[in-house]
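Here is the structure we will look at.
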Amino acid sequence: MTLVFSNLRKQYGANVAINDVSTAFEAGMIHGVIGPNGAGKSTLINMTAGSYTVSAGSISLDGRRLDGMKKYEIANAGIARTYQNIRLFDQMTAIENLEVCAYPSEVNHTWREVFWPPYGRARAKARRESCMEILQFFGLERYADVEAGSLPYGRQRMLEIARALAMKPRVLLLDEPAAGLNHHETAELTAKLAELRSPDRIILVVEHDMDLVMTLCDRIVVMHHGKLLFQGSPSEVQASSDVQLAYLGTDNDIDDIRAAAQDRRAQLGIRARQRS
Ligand SMILES: Nc1ncnc2c1ncn2[C@@H]1O[C@H](COP(=O)(O)OP(=O)(O)O)[C@@H](O)[C@H]1O
Ligand SMILES: [Mg+2]
């Protein structure tokens, strides 16, 4: 199974957010997408999940075009995602968050559930058990009947991934899953995500936490100003001077930053002296 971006482009008015990006993501691997803020990482996820339209080029899963499909069609094709800013159903319990997203491919069973109550009850029980298993995997079972909005932040991050998994996705897109997590929670998340690596699944992780990316990912795509700057294994990415420049700037930039910092210190020093 392969997710392919071909000459992908996204433009917002005059702003080109994604510029001619071509790459492929294989099942069985965890793919990292890194790059400075504004590089276009979330835009890639938003286009793949159908939240944003594609300006040019294509996105396909095993040769089937996803761009141009409706959002629910893309979900039914097996694409699930989490958001850079958590978007749970806050008023629903943890398990309800999963239940409403479970089994999108079996939607046509709904009428039987309605007209034949025992069938509906059996299906609801099976659905709850399957969702409970996912909660257990994330250590969230004791929160099953707790409102999602009242969970601690770190648990909400986990719950969002659990909800995406309830869709039994073939492609799992995670937008900064470690954002706002502490060191311990990030390590816990990294271990859980590693367990999700599967020959039947493509996992794509957009992330700033370099420890997580370098530990977890098999391949890494580096984005910079909407372009694909580099792709390779974690060690190839770490060794790339292009990547270092994108993150750290050129030597001149570093000199400029140092000079600006000295100016700022000088200004503060002057003000401190004036006050005394
Ligand atoms: N809905 C939008 N409307 C207009 N511009 C957007 C929108 N979403 C993202 N952009 C722009 O696209 C570029 C890439 O943004 P984004 O994909 O969010 O970057 P990243 O996730 O790498 O930080 C930025 O210049 C951003 O301002
Ligand atoms: Mg982003």
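Counting starts at 1 for both ligands and their atoms, in listed order.
Under the 4.5 Å side-chain criterion, counting only non-hydrogen atoms from C-beta, Leu8 is not in contact with Ser22. The shortest side-chain heavy-atom distance between Ser233 and Asp218 does not fall under the 4.5 Å cut-off. Within the 4.5 Å cutoff, side-chain heavy atoms of Met158 are placed close to those of Leu140. Taking 4.5 Å as the limit, every side-chain heavy atom of Phe25 sits out of range of all side-chain heavy atoms of Thr2. Proximity of Ile202 to Met1: side-chain heavy atoms (C-beta onward) are separated by under 4.5 Å at one or more points.
The nearest protein atom to atom 18 (O) of ligand 1, hydrogens excluded, is given as Ser42 CB, 3.8 Å; this is a heavy-atom distance. If you check which protein heavy atom lies closest to atom 1 (N) of ligand 1, you get Tyr52 OH, 3.4 Å. The protein atom (non-hydrogen) at minimum distance from atom 14 (C) of ligand 1 is Gly38 O, 3.4 Å. The protein atom (non-hydrogen) at minimum distance from atom 15 (O) of ligand 1 is Thr43 OG1, 3.8 Å. The single protein non-hydrogen atom nearest to atom 2 (C) of ligand 1 is Tyr12 CE2, 3.4 Å, given as residue, atom name and distance.
Under a cut-off of 6.0 angstrom, the local environment of CZ in Arg197 is crowded, with over 12 non-hydrogen atoms contributed by other residues, nucleotides or ligands.
Under a cutoff of 6.0 Å and an axis angle of 45°, Lys192 and Phe138 do not form a cation-pi pair. A cation-pi arrangement is absent between Arg155 and Tyr153 under the rule of less than 6.0 angstrom and at most 45 degrees off the ring axis.
Remark: distances from the non-hydrogen atoms of Gly40 to ligand 1 include one below 4.0 Å.
If you number the atoms of ligand 1 from 1 as listed, the ones under 4.0 Å from a heavy atom of Ala17 come out as 12 (O), 13 (C). The distance from ligand 1 to the heavy atoms of Ala39 drops below 4.0 Å at these ligand atoms: 19 (O), 20 (P), 22 (O). Listed by atom number, the atoms of ligand 1 under 4.0 Å from Asn15 heavy atoms are 11 (C), 25 (O).
Put simply, Ser42 gets within reach of the Mg ion (ligand 2), with an N, O or S atom under 2.8 Å from it. At a cut-off of 2.8 Å, Gln84 is counted among the residues with an N, O or S atom near the Mg ion (ligand 2).
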